[in-house]
2 protein chains.
Amino acid sequence: MVTDQTAPRVTRRRVRTRANLLDAAFAVFAAKGFGRVSIEEVCEAAGYSRGAFYSNFDSLDELFFALYRQRADLIAEQVAGALALDGPDLDVPAAVDRVTEVLLLDLDWLLVKTDFLVHAARDPDVAQSLLEHRARLRDAIADRLLRARGLTELPAVLGDIDGAAHAVVAAYDGVTTQLLLDKDVEGARIWLKQLLTALLTDGSDPQRAH
Amino acid sequence: MVTDQTAPRVTRRRVRTRANLLDAAFAVFAAKGFGRVSIEEVCEAAGYSRGAFYSNFDSLDELFFALYRQRADLIAEQVAGALALDGPDLDVPAAVDRVTEVLLLDLDWLLVKTDFLVHAARDPDVAQSLLEHRARLRDAIADRLLRARGLTELPAVLGDIDGAAHAVVAAYDGVTTQLLLDKDVEGARIWLKQLLTALLTDGSDPQRAH
DNA sequence: GTCTTTCGATACATCGGTGTATCGGATACA
DNA sequence: TGTATCCGATACACCGATGTATCGAAAGAC
């Protein structure tokens with residue numbers, strides 16, 4: 001009996017090398033930037049020859065895309081976990097704390113992520129894919145905000161809850177930009193919390209972070 | 001009488017070709033991204049040979065830096081103008097409108113600017129220079145906010161006026177990220193205004209944009 | 001264990017970009 | 001207009017990266 005007629009026999013070695021290539025690529029991309037990395041460099045960092053690369057990917061672009069998907073999905077999972085952690089109506093500040101911890105964890109990832117952004121900005125297909133990913137993230141945040149409704153009143157200027165979720169993402173992106181330059185992760189965390197508090201709580205609301 | 005003993009005779013042709021190279025570089029960088037552009041491409045776009053390039057710049061990096069400085073200074077000037085336009089205490093929303101108009105004018109510039117950001121994120125010297133530029137911008141905004149004090153009460157969560165200026169820049173950066181993907185300039189403008197209003201005005205403040 | 005299929009290393013041809021050295025025409029200045 | 005200087009075009013040598021074709025070895029199926 002054969003599991004699949006058409007697909008090539010899936011070997012264990014293949015998935016290992018592929019994972020190794022992706023890991024090495026992450027390190028190299030983070031260090032030098034996508035635009036300045038050659039296929040050879042990735043292979044050398046992973047300890048393979050170029051034959052291995054061409055056996056697994058068609059181009060650097062394809063590898064980059066696969067790398068982004070892998071890591072982005074992982075982070076999205078962690079964020080979703082941090083958002084779902086507390087009960088149906090617990091306080092927003094705690095959730096903010098946990099999410100902030102996850103989102104501003106790894107500077108290298110922010111570097112690669114931004115590289116991917118400028119890459120996507122010039123390729124409509126990639127941009128579309130990234131936009132969808134961001135939309136999913138926003139939805140998760142909106143769901144969480146919905147659960148907190150009543151506890152904290154949202155400022156009306158942002159419009160509905162979806163607008164508020166949009167604002168959260170914008171704050172994250174804005175803080176990321178600054179962080180890429182000054183590399184002050186702890187400062188960025190504090191700063192992001194402040195921003196989110198300012199955005200999500202009514203100014204007249206006595207309940208604030210800390 | 002000689003204007004300068006040591007410096008080479010400043011020719012008119014030189015400044016023209018240099019400007020042409022910079023203009024062409026802007027177009028090419030915007031279209032393909034810094035990482036994917038060769039010296040030859042820039043020269044071809046400008047209508048020169050590589051000889052002209054090497055006569056004016058030492059490397060693509062140097063040209064990129066010069067290009068960024070040129071355009072960034074130009075924009076900073078326009079922003080300063082938009083901030084200084086009204087009297088010593090006129091309304092913030094009008095200033096927000098004008099600044100938003102200037103900052104979200106040219107998508108190509110945002111592309112190149114972001115390219116430069118990821119470039120700076122990997123080179124401490126360049127990062128330092130960019131940070132200083134951003135600090136000057138923040139100071140201009142803080143000055144403007146100071147003039148408006150009393151008219152609109154700032155939310156306390158942001159801390160002092162400098163914190164508020166910081167938040168303005170973060171909002172701008174955040175909106176830029178989204179804009180790079182969806183290319184909706186008009187939407188981004190509206191959205192940025194909303195964000196700034198939410199950040200700069202107390203939630204209980206009845207005075208809002210529009 | 002053997003046999004078949006797949007994976008990845010090696011070798012090769014090729015191409016595009018880089019930097020330099022040189023030279024003729026353009027430009028400023030008297 | 002003459003002339004000294006500068007600028008940019010051309011030609012050349014070089015290098016590094018790319019993609020492909022081939023082959024030995026590893027891994028799964030039985």
Side-chain angles (χ1 to χ4, degrees), chain A residues 1-67 115 119 123, chain B residues 1-67 115 119 123:
Chain A
M1 175 190 174
V2 177
T3 49
D4 195 314
Q5 303 269 0
T6 57
R9 197 156 65 182
V10 192
T11 60
R12 201 169 290 173
R13 176 165 63 144
R14 191 174 188 73
V15 301
R16 213 177 42 222
T17 43
R18 192 183 154 94
N20 286 337
L21 280 171
L22 283 171
D23 286 352
F26 179 75
V28 178
F29 284 160
K32 310 190 59 177
F34 178 57
R36 297 178 173 232
V37 166
S38 68
I39 294 177
E40 284 199 341
E41 279 174 297
V42 174
C43 295
E44 191 187 9
Y48 290 97
S49 76
R50 262 182 20 255
F53 176 89
Y54 284 108
S55 171
N56 281 279
F57 303 96
D58 283 339
S59 64
L60 248 196
D61 273 45
E62 191 193 309
L63 179 148
F64 192 32
F65 192 81
L67 171 64
D115 257 4
H119 182 231
D123 184 326
Chain B
M1 175 190 173
V2 177
T3 49
D4 194 313
Q5 304 270 359
T6 57
R9 198 158 66 181
V10 190
T11 59
R12 201 169 292 173
R13 177 164 63 143
R14 191 175 188 75
V15 301
R16 212 176 44 221
T17 42
R18 193 184 154 94
N20 286 338
L21 281 171
L22 283 171
D23 287 351
F26 179 74
V28 177
F29 284 159
K32 310 190 57 175
F34 178 58
R36 296 175 174 241
V37 166
S38 68
I39 294 177
E40 283 200 339
E41 280 174 297
V42 174
C43 295
E44 190 187 10
Y48 290 96
S49 76
R50 263 179 23 254
F53 177 88
Y54 283 108
S55 172
N56 281 280
F57 303 96
D58 284 338
S59 64
L60 248 195
D61 274 45
E62 191 192 311
L63 178 148
F64 193 30
F65 193 80
L67 170 64
D115 256 4
H119 183 230
D123 183 327

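Sequence lines set the chain letters: A, B, ... in the order given, protein chains first and strands last, and positions in each chain run from 1. Every heavy atom of this structure was used, including side-chain atoms; hydrogens, water molecules and symmetry mates were not.
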Below 4.0 Å: OP1/OP2 of [N] and any side-chain N or O of [X]:
X: B/R13; N: C/dT27; answer: no
X: A/T17; N: C/dC7; answer: no
X: A/N56; N: C/dC7; answer: no
X: A/T11; N: C/dC7; answer: yes

Indicate yes or no: at least one non-hydrogen side-chain atom of B/E40 is less than 4.5 angstrom from one of B/F53.
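Result no, sub-4.5 Å side-chain heavy-atom pair not found.
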Between atom [atom1] in [X] and atom [atom2] in [N], what is the gap in whole Å?
X: B/N20; N: D/dC7; atom1: CG; atom2: P; answer: 15 Å
X: B/R18; N: D/dG8; atom1: CZ; atom2: C1'; answer: 15 Å
X: B/R12; N: D/dG8; atom1: CZ; atom2: P; answer: 14 Å

What distance do B/I39 atom CD1 and B/L60 atom CG have between them, rounded to the nearest 0.5 Å?
4.5 Å
What pairs with B/D123 under side-chain hydrogen bond (donor to acceptor under 3.5 Å, both in side chains), at least two apart in sequence or on another chain?
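Result, side-chain hydrogen bond (donor to acceptor under 3.5 Å, both in side chains) vs B/D123: none returned.
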Give me the ring orientation class for A/F34 and A/F64: parallel if the planes are under 30° apart, tilted from 30 to 60°, perpendicular past 60°.
parallel
Taking atom CD of A/E62 as the centre, does the number of heavy atoms from other residues, nucleotides or ligands within less than 6.0 Å exceed 12?
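Yes, enclosed.
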Let me have a per-nucleotide readout for nucleotides 15-22 of chain C, 5' to 3', with B, S or -, counting only protein heavy atoms under 4.0 Å.
--SBBB--
From the options C/dA9, D/dC7, C/dC7, select the nucleotide whose nearest atom is closest to the side chain of A/A52.
C/dA9
Given B/Y48, which partner from the list B/N56, B/N20, B/T17 fulfils the side chain to side chain donor-acceptor pair (under 3.5 Å) test?
B/N20
